[in-house]
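The figures that follow rest on heavy atoms only: side chains count, while hydrogens, waters and symmetry mates do not. So that the names make sense, note that chain A is the first sequence line, chain B the second, and so on, each numbered from 1.
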Amino acid sequence: MTIAPRLLEWFDRNGRKNLPWQQDISPYRVWVSEIMLQQTQVQTVIPYYHRFMQALPTVQDLAAASEDAVMHLWTGLGYYSRARNLRRSAQIICSEFGGEFPNDVERLSELPGVGRSTAGAIVSIAFQRRAAILDGNVKRVLARVHAVDGYPGVTSVARELWERAEQHTPEVRVADYTQAIMDLGATLCSRTKPACGICPLVDDCQAHELGTIAQFPGKKPPKVLPVKRTQMLMIGNSAQELLLEKRPPTGIWSGLWIFPQADAGADPIAYCSDQLGIEVELLERWREYRHTFSHYHLDIEPVRLRLKHAPPTVMEPERHLWYNLRAPAAVGLAAPVAKLLEKLA
DNA sequence: AAGTCGGGGAG
DNA sequence: CTCCCAGACTT
């Protein structure tokens, strides 16, 4: 049994065909879209995708761009290693493959940031060669159609879903099929309130037959997020510029620029003197607020400070930047920094 | 197998 | 608040 014929018939009448990455299809355009869409909703990606493709229309442009320029285009989108890997992969494609994308899952998966599902999407959509995908939408559709119990993060559950994905993927019209099953998951077969009444797969759906749609797919086991605290130091100079630091290449906000951070409870003036070698005076403290990541909460205490003397020599130009609000540098900013800069402006 | 990595939309 | 999104990678 395969769901492909009914899915394709539904797709012809109801599928999405006007998404930005569905126009002028090329491996590069499909690849960029698939990376942006990892763990990120379509409506969030669209404006980023337009800006990115306008700034860097070819893989050669991306390979030649500076890391700061790419991070700037990614600011606010999250999972910033995607942007760094995207640039690295572009350089590999240009230097090792002569600017041509591999057209098979095995070689595409060797590119940093491209896993099995993303490779399958590129192969099926850009090259129209048979390859299965298994993203969040497909997991939900297949878990329901086959009543696959358990959380897909568990290896055995993922393995069964991959088998089902391979089983249903057709030889013909594979690009349309890939788009169709994602569209079904994103529209009718949604996480809450699925529209089973108009679903083309309702007669194939074991979860619907069981009357337990809401049980599929299995939920992620909840865990309590730890809470971390920090002060963000908004240090202004006499030119109305703000001091930013570049994050190291690994860890949270890697490659982005942030305000200097002092431990919660520490004296920010002493921190500036000891760690930055600058003398500052306190202007005001803003209300603490919570920024939440996938794996912890960060309670941020914003502090406004003013530089008392001219910048010292200890500050390293590679790691420090005076950010001018009226002529902002094209660098990547962590979301809380962008938010605080907005409030300062 | 479990942890790391972001930010936002929807309920 | 909770839950999860066109996941990949490291430990």
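Phosphate contact (OP1/OP2 of C:dA8, side-chain N/O of A:Thr118, threshold under 4.0 Å): present. Taking 4.0 angstrom as the limit, A:His291 places a side-chain polar atom (N or O) nearer than this to OP1 or OP2 of B:dG7. In this model, the phosphate group of C:dA6 is not approached by any side-chain N or O of A:Arg16 to a distance below 4.0 Å at OP1 or OP2. OP1 or OP2 of C:dG7 sits under 4.0 Å from a side-chain N or O of A:Gln39. OP1 or OP2 of B:dG7 has at least one side-chain nitrogen or oxygen of A:Trp253 nearer than 4.0 Å. Contact annotation: A:His295 side-chain N/O to B:dC5 OP1/OP2 distance is under 4.0 Å. A:Tyr296 has no side-chain polar atom (N or O) that falls below the 4.0 Å cut-off from OP1 or OP2 of B:dG6.
Evaluation of atom-type donor-acceptor distances gives a pair under 3.5 Å for the side chain of A:Ser294 against the base of B:dG6. You'll find a donor-acceptor pair under 3.5 Å spanning the side chain of A:Thr40 and the base of B:dG6, going by distance alone.
Rounded to the nearest Å, the gap between the P atom of C:dT10 and that of B:dG6 is 14 Å. Across the P atoms, C:dA6 and B:dG3 are found 25 Å apart, a figure rounded to whole Å.
Counting to the nearest Å, the C1' atom of B:dG6 and the CG atom of A:Leu333 are 14 Å from each other. Between A:Lys223 atom NZ and C:dC3 atom P there is a gap of 11 Å when expressed in whole angstrom units. Rounded to whole Å, the distance from CG on A:Leu134 to C1' on C:dC5 is 14 Å. Atom CG in A:Leu111 sits roughly 13 Å away from atom C1' in C:dA8 (whole-Å rounding). Straight-line distance from the CZ atom of A:Arg88 to the C1' atom of C:dC9: 11 Å, rounded to whole Å.
With A:Phe11 as the aromatic partner, A:Lys17 meets the cation-pi criteria of under 6.0 angstrom to the ring centre and within 45 degrees of the ring axis. Within the cation-pi definition used here (under 6.0 Å to the ring centroid, within 45° of the axis), A:Lys228 qualifies as a partner of A:Tyr296. A cation-pi arrangement, defined by a distance under 6.0 Å to the six-membered ring centre and an angle within 45 degrees of its axis, is absent between A:Lys139 and A:Phe216.
For A:Trp21, the listed nucleotide lying nearest its side chain is C:dA6; candidates were C:dA6, B:dG6, C:dA8. Minimum atom distance to the side chain of A:Gln179 is reached by C:dA6, of the listed C:dC1, B:dG7, C:dA6.
In terms of heavy-atom proximity, A:Ala158 sits nearest to A:Pro152 at CB-O, 3.5 Å.
When each of A:Lys193 and A:Gly153 is assigned the nucleotide of DNA chain B bearing its nearest heavy atom, the one mapping closer to the 5' terminus is A:Gly153. Comparing A:Asn85 and A:Leu19 along DNA chain C, the residue whose closest nucleotide (by nearest heavy atom) sits nearer the 5' end is A:Leu19. Looking at which nucleotide of DNA chain B each of A:Lys220 and A:Pro336 is closest to, the 5′-most match is held by A:Lys220.
A:Leu77 comes within 4.0 angstrom of a base, heavy atoms only.
Checked options A:Glu279, A:Glu241, A:Glu281; the residue passing with A:Arg306 is A:Glu281 (criterion: salt bridge (Lys or Arg N to Asp or Glu O under 4.0 Å)). The only option from A:Glu301, A:Gln261, A:His291 that meets the side chain to side chain contact (heavy atoms under 4.5 Å, CB included) definition with A:Thr230 turns out to be A:Gln261.
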